Amino acid sequence: MALLLAGALLITACSASDGDSGTTRDLSSGKRDGQGPTGGGQPAPDVAAPEKGRQSGENGASAAPDVKAPDYLSTFALDVDTASYGYARRTLGDGSLPNAEDVRPEEFVNSFRQGYERPKGPGFSVNVDGARIDGGKDGKSAKGGGTGASDWSLLRVGLATEAAPSTAERPPAALTFVVDISGSMAETGRLDLVRKSLNILTDELRDDDSIALVTFSDEAETRLPMTRVKGNRNRIKDAVEEMQPAQSTNVEAGITLGYEKSVDGHREGATNRVVLLSDALANTGDTEAESILKKIDSARREYGITLFGVGVGSDYGDAFMETLTNKGDGNTTYVGDEEQARKVFVDQLPAHLEIQARDAKAQVAFDRKTVQQFRLIGYENRKVADEDFRDDSVDGGEVGPGHTVTALYAVRLREGASGTVAKATVRWLDPKTRKAQEKTGTVTTGAIDGPLWSGEHDRLQVAAVAAYFADHLRHGDLPGAPGLRELASRASALAETTEDSAVRKLATAIGQADRLEGGAGTGDGPEPSEGEIG
């Protein structure tokens with residue numbers, strides 16, 4: 001009986017741990033470390049090829065997994081969102097610290113160029129590198145677990161698609177704009193900024209592109225059916241200028257009507273997309289993101305219509321908007337001023353309308369012979385069960401041309417370890433044929449042995465500063481975390497060496513956070529702006 005009871009308890013404990021990525025994974029002892037907001041996992045067997053998962057059959061159906069995926073794997077859906085970083089900068093600029101639950105480190109990191117080598121053609125390049133964490137200028141030991149920072153390295157998995165086509169080369173676009181005109185949008189920097197954004201975009205679109213306009217407050221209304229841009233730019237701008245703030249925020253009504261108009265105006269061979277511009281403070285109708293999407297699910301799947309969310313306003317429903325776009329096969333960003341609006345609607349949206357990869361997922365397999373512990377930084381709400389990596393019915397992320405996706409891991413190597421550290425695989429579906437494809441990259445101990453804060457890793461340092469900043473804002477415990485003053489100093493130096501204005505604005509944001517927390521700050525600088533898609 002005692003043996004049976006012990007076995008039952010062991011099974012219960014194992015079941016409770018499956019899929020839990022809220023901890024550091026210790027690949028040797030089975031213990032867990034660093035409970036907190038930074039992702040991680042648990043002990044694992046020796047590394048093997050990550051082909052142990054669900055395979056798609058010839059008819060597209062998913063077969064049962066042949067072997068349960070072991071715990072040395074880290075699996076997540078790709079994410080190109082940047083809204084969390086944009087909204088954090090807006091909040092800091094308004095004199096407040098962002099809420100910890102609104103901070104997503106992957107969106108901070110993905111707001112900056114990384115300079116990855118791009119593939120020549122469809123698909124992804126896989127770049128894996130890293131550096132040793134040295135504890136910063138003050139040489140202090142790492143936070144969390146009492147382990148010195150010199151025992152840890154930062155591993156960067158970088159995925160990139162081919163460069164975005166020129167405006168003339170991309171397919172035509174059929175865009176349905178769904179605009180929030182509720183009372184809350186009357187605040188400066190909301191509906192007025194939306195009008196400017198749409199007018200800017202109208203001038204940038206090609207003659208063979210099409211636009212429809214839907215507005216919503218307590219109800220939804222069609223302001224403009226799907227209309228070809230050629231010969232109608234003034235008509236489109238007139239419809240935009242007529243938008244005035246009204247009453248409640250019925251996002252459900254707006255999205256439902258928006259998808260109806262997108263289906264009505266659907267164009268074969270074009271990029272068909274719904275663009276939601278809102279402060280996402282839903283208070284009328286259905287206010288649950290997932291149930292809203294269920295209402296338009298057939299249109300979304302049958303016609304391949306993706307959802308792009310643009311957040312505005314000092315009070316912004318970040319979590320609601322992110323859930324909508326994640327489940328709506330799209331992505332989200334945030335604009336706080338006209339400069340950011342121009343970057344999104346002129347530099348990014350026209351070039352990145354086309355979808356390059358659907359349901360893209362990444363899986364990183366760590367080698368326990370060289371790795372003792374690892375921790376994924378962020379991606380908590382993009383987790384995928386390891387055994388579902390090759391189940392093509394499981395939702396992933398949508399990625400366009402010219403995008404980069406970065407995943408950072410804190411990795412503790414075994415003493416004297418030498419050899420392979422990790423194998424990273426990205427899997428995606430071709431948007432036209434729905435055929436699954438994969439690409440893999442590996443990294444060895446020698447490639448991650450150099451010091452992080454040396455002058456040889458400028459772009460890796462930018463990613464590290466952004467990740468450490470996000471982790472600080474959400475009260476995390478990453479190894480080797482510098483203080484805000486040091487992070488601001490490093491960002492300022494990196495802005496000079498990279499000649500990147502986005503990094504300068506990162507330094508400004510960190511300085512603002514330092515002052516709000518009672519630190520000495522780093523002096524005033526330019527207002528933060530939207531990060532760039534690499």
Side-chain angles (χ1 to χ4, degrees), residues 81-99 102-104 107-108 111 177-204 213-217 223 237 239-251 254 275-283 308-322 324-325 331-349 473 501-502 504-506 508-509 511-513 516 524-532:
D81 292 352
T82 59
S84 177
Y85 177 57
Y87 184 44
R89 289 199 320 276
R90 168 65 185 262
T91 304
L92 290 165
D94 288 345
S96 300
L97 291 168
N99 294 325
D102 291 334
V103 176
R104 294 183 292 278
E107 297 187 21
F108 279 53
S111 294
F177 290 94
V178 178
V179 181
D180 183 349
I181 59 167
S182 61
S184 61
M185 291 291 287
E187 175 192 306
T188 300
R190 299 194 186 196
L191 188 56
D192 59 322
L193 184 58
V194 169
R195 290 195 202 95
K196 291 178 182 177
S197 300
L198 292 182
N199 282 328
I200 290 170
L201 182 64
T202 300
D203 288 332
E204 294 295 322
L213 179 62
V214 169
T215 60
F216 67 92
S217 54
R223 299 296 185 105
K237 290 182 178 181
V240 168
E241 289 302 321
E242 289 171 359
M243 297 187 301
Q244 297 296 327
Q247 301 176 26
S248 303
T249 310
N250 192 337
V251 177
V275 183
L276 173 64
L277 299 102
S278 175
D279 58 16
L281 301 175
N283 56 23
F308 179 49
V310 181
V312 295
S314 57
D315 189 13
Y316 166 57
D318 174 71
F320 178 77
M321 180 72 90
E322 203 218 4
L324 275 176
T325 55
N331 56 288
T332 184
T333 190
Y334 177 90
V335 296
D337 56 36
E338 190 169 346
E339 180 184 357
Q340 294 173 22
R342 183 169 292 277
K343 185 175 294 293
V344 169
F345 287 96
V346 175
D347 299 340
Q348 295 178 358
L349 183 58
L473 291 175
S501 61
R504 170 64 60 190
K505 291 158 187 172
L506 173 62
T508 299
Q512 290 168 334
L516 288 168
D524 293 330
E527 287 302 308
S529 176
E530 185 68 27
E532 301 182 27

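Fair warning: this is a prediction, and the values are worked out from it, not measured in the lab. Residues: numbered from 1 along the sequence shown.
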Only one of Tyr334, Phe177, Phe345 passes side chain to side chain contact (heavy atoms under 4.5 Å, CB included) with Val310, and that residue is Phe345
Q. Does any non-hydrogen side-chain atom of Ser197 lie less than 4.5 Å from one of Leu201?
A. no
Gly189 and Val312 have their tightest heavy-atom pair at O-CB, 4.0 Å
The single option from Lys237, Glu204, Glu241 that satisfies side-chain hydrogen bond (donor to acceptor under 3.5 Å, both in side chains) with Asn199 is Glu241
Taken in chain and number order and not counting sequence neighbours, the residues that satisfy side chain to side chain contact (heavy atoms under 4.5 Å, CB included) with Glu187 are Arg90, Arg190, Ser314
Any non-hydrogen side-chain atom of Asp337 less than 4.5 Å from a side-chain atom of Gln340?
yes
Correct closest heavy-atom pair for Gly317 and Leu281 would be N-CD2, 3.5 Å
Separation between CG (Asp102) and CD (Glu322), nearest 0.5 Å, reads 10.0 Å
Looking only at heavy atoms, the pair that brings Ser182 and Thr249 closest together is OG-OG1, 2.9 Å
Between Tyr85 and Glu107 the two heavy atoms that sit nearest each other are CB-O, 3.7 Å
Separation between CZ (Arg195) and CD (Glu242), nearest 0.5 Å, reads 11.0 Å
Closest heavy-atom pair, Ser278 versus Phe216, reported as atoms and distance to 0.1 Å, is OG-CZ, 4.2 Å
Within a strict 4.5 Å, meaning less than it, do heavy atoms of the Ile181 and Arg223 side chains meet? yes
dist Phe308:CZ -> Leu324:CG (nearest 0.5 Å) comes out at 14.0 Å
Discussion item. Within the structure provided, determine whether Phe108 and Leu506 are in side-chain contact (heavy-atom separation under 4.5 Å).
Written reply: no
Heavy-atom distance under 4.5 Å between the side chains of Leu97 and Leu92, does that happen here? yes
Rounded to the nearest 0.5 Å, the CZ atom of Phe320 sits from the OG1 atom of Thr332 at a distance of 11.5 Å
- Item | Salt bridge Asp318-Arg104, side-chain N to carboxylate O under 4.0 Å | yes
| message | I'd like to check Asn331 versus Asp81 (side-chain heavy atoms, cut-off strictly below 4.5 Å). Are they in contact? | response | yes
> Does a side chain donor of either Thr91 or Ser96 reach within less than 3.5 Å of an acceptor in the other side chain?
Replying inline: no
When rounded to the nearest 0.5 Å, the distance separating OG of Ser184 from CD of Gln247 is 12.5 Å
Between Asp180 and Leu191, the two heavy atoms sitting closest are O-CD1, 3.9 Å
